[in-house]
Amino acid sequence: MSLHEIYFAGSLLLIVAGLYAIASKRHLVKIVIGLEVVTLGVNLAIASMGVRIVDGALVMDALAQSMIAISIAVAAAITALALSIALNIYRHYGTFDIRKLRRLRW
Amino acid sequence: MNPLNIILILIGAAFLIVILDPIFRRARLIEFGGVIASLAFTATLIILAIEAAAGATARTVIFGPDSPLTASLKLDALSIYLSMIFSGLGLMASIYSIRYMLFDVEHLPLDDLLWTRRRELGFDRYYALLLTLVAGMIGVTMANDFFTLYVFWELMAISSYSLVAFRKWSWEAVEAGFKYLVMSTLGSLAALLGIALLYGLAGSLRFDAVRAAVFGGNIAATFSLAMIVIGFGVTAAIVPFHSWLPDAHSAAPTPIVVLSGVVIKTGVYAILWSMFRVFGPATYGFGPILIGLGILTMSFANIAALMQTDIKRFLAYSSIANIGYIVMGLGLAAHILKAHPSEIGPAALALAGVLLHVLNHALGKGLSFLSAGCYIIRTGSREIGSLEGVGPRMPITTASLGVGLLNLAGVPPLSGFWSKLLIISAGLGVPSDNLMLAATIIFILNSILAAGGYLWLLQRLAFKRPGSSGAYGEIKEAPPLMLAPLIILAAACIMVTLMLNPILQFIQNILEVIM
């Protein structure tokens, strides 16, 4: 396997793990962690597309690097927002359990 | 003008509102945020109108050296057309918010002219988020490479998550906000994965470079196209991915819902642009899939809309149905271009119908949501059953709602009829094709069903006698500052009908960009 394929397989593993967490976990914070894991998987996919081996040394394209940096910043903003909404849900329901907030029919 | 400046006006105004907020609050002028936001939207609208009048020639702006790796923006007829719709509705929403939000947040009396509270209401953040939301949507339509599109996409998405959850003292808003956040973030990540694959294929993310790289058609490009359509389809509320929309629309403050009606158009734009301009329907035969998705979306949403008892949920499902019409129009155009390459005329008709319907739906849905907001704050109820017969008490609101609903229903003189007629005539344009014929028949049946739903709603609100739940003795017309956007939007609906020819000529310019 080449380096790209190893990285890409790893990123798909991370994405699947994150999706599993989102689908199966019942704790709001764990769902947010799952979102974060999916984001990391996608970032790794970008890295796997941008990595090259030049003269035996690993280099990465400038565009891939800037994409990953911006994607990390966006993910941080989304995580902060998701956690603050989760905190507000806790204030309303007194629990982080997603089964308790079924009033909108997930 | 540099397209970046249009975005910077909106973002600058957002910063200005947040920075100046303590000063204005000390001076007890808490409406100032809405005024600054309205001025910024008006400035944007004027700049865009000047660009449109100047002929809307397509051009690109590159930041930094001209290598395939640098970001760039474009300005063409399509982005001007959509940006004008977005900033126009943003202007209406910010004028409407000045009065509505004070009532919605603080339950301050509506007819008082001077607000002299000095409390932390969060309005500076509200208007700043409204401005960044519209800035993000305009940026999406002006992006010239996939990564710029993604960045502005996330600007739009984060602003709209926070706005949906803005009324954080109600359980409904935080719950709908969390659901919307999880679903839409997963969608954005799917799109980003598709974009990453395109980057691996093309080595660049410029639309023309990607177009050259995916021209022949291969498995990886098909997969990334599917990821992009799924990802942007979540925001466009295409049916398997629609379930955030009714909750978010009924939980968000009403002026934001108006904008949510155009946020889904941003998803449609992203799908349209990546399919027609980047991937090309002639190589990738996605027409039948889009037609199927469109039929599924409109049929499901029209039936679900009839079962709603909440007026905001009813209008939200009707938004999904209209996305169904738009997606089916796109599918018809793609199918014609793939299966009948000689019949370029019907494909152009379908795309023109789609673009005109985007405008009609934005105006009509904005108008009906804003009118519904007037009823909601005057009566304190969102149930259609308890709003029955309120119409004669609020004549201007009801008249505007009537114009909006008739436009959505496609009653002949109004422009909502012409956009549907364009899509139908495109569907009948190739008589030998059974798929298109069947799709068009389902489209017509759905239009009739939807028209019945809208007229039924109008009849219940405007003409029915008040039920046992209440005589509306003390209910007055909404305050003038809330009626102004209604009247402007109703006038705009009628103006679009009268000016159909120049608008269709402008749409012809857009078609030259897309096809």
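In this text, all values refer to a predicted model and were calculated from it rather than measured experimentally. Atoms considered below: every heavy atom in the structure, side chains included; atoms not considered: hydrogens, waters and symmetry mates.
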Q.
Is A/Ala64 close to chain B through its backbone or its side chain, or both, or neither, when contacts mean heavy atoms under 4.5 Å?
A. both
Q) Does the side chain of B/Thr70 come within less than 4.5 Å of A/Leu63's, by heavy atoms? A) no
Q.
For A/Leu35 versus B/Leu189, what's the shortest heavy-atom pair and its separation?
A. O-CD1, 4.1 Å
**Q.** Any B/Ser162 side-chain heavy atom under 4.5 Å of A/Leu81 side chain
**A.** yes
**Q.** For the student: nearest non-hydrogen atoms of B/Ala196 and A/Ile46, plus distance
**A.** CB-CG1, 3.6 Å
**Q.** B/Val174 side chain near A/Tyr90 side chain, heavy-atom distance below 4.5 Å
**A.** no
Q | From B/Leu186 atom CG to A/Ile22 atom CD1, the distance as rounded to the nearest 0.5 Å | A | 4.5 Å
(Q) Could you check whether any side-chain heavy atom of A/Thr39 comes within less than 4.5 Å of a side-chain heavy atom of B/Leu192, counting everything from C-beta outward? (A) no
Q. Is atom CZ of B/Phe152 surrounded by more than 12 heavy atoms (other residues, nucleotides or ligands) closer than 6.0 Å?
A. yes
(Q) How long is the straight-line distance from CG of B/Leu193 back to CE of A/Met49, given to the nearest 0.5 Å? (A) 7.5 Å
**Q.** Winner by heavy-atom pair count (cut-off under 4.5 Å) against chain A, out of B/Tyr161, B/Tyr199, B/Tyr150
**A.** B/Tyr199
**Q.** chain A-proximal positions within residues 127-140 of chain B [heavy-atom distance under 4.5 Å]
**A.** none
Q: Among A/Leu19, A/Val38, A/Asn88, A/Ile15, single out the residue with the greatest number of heavy-atom pairs under 4.5 Å to chain B.
A: A/Asn88
Q) So, for A/Met67 and B/Leu205, which heavy atoms are closest and what is the spacing to 0.1 Å? A) SD-CD1, 3.6 Å
Q) Considering only heavy atoms, which portion of B/Leu201 lies under 4.5 Å from any heavy atom of chain A: side chain, backbone, both, or neither? A) neither
Q.
Return the OG to CD1 distance between A/Ser71 and B/Ile195, rounded to the nearest 0.5 Å.
A. 10.5 Å
Q. So, do A/Ile70 and B/Phe147 sit near enough that their side-chain heavy atoms are less than 4.5 Å apart?
A. yes
Q. In terms of heavy-atom proximity below 4.5 Å to chain A, should B/Leu155 be classed as side chain, backbone, both, or neither?
A. neither
Q: Any chance you could measure B/Ser184, atom OG, to A/Ile78, atom CD1, to the nearest 0.5 Å?
A: 8.0 Å
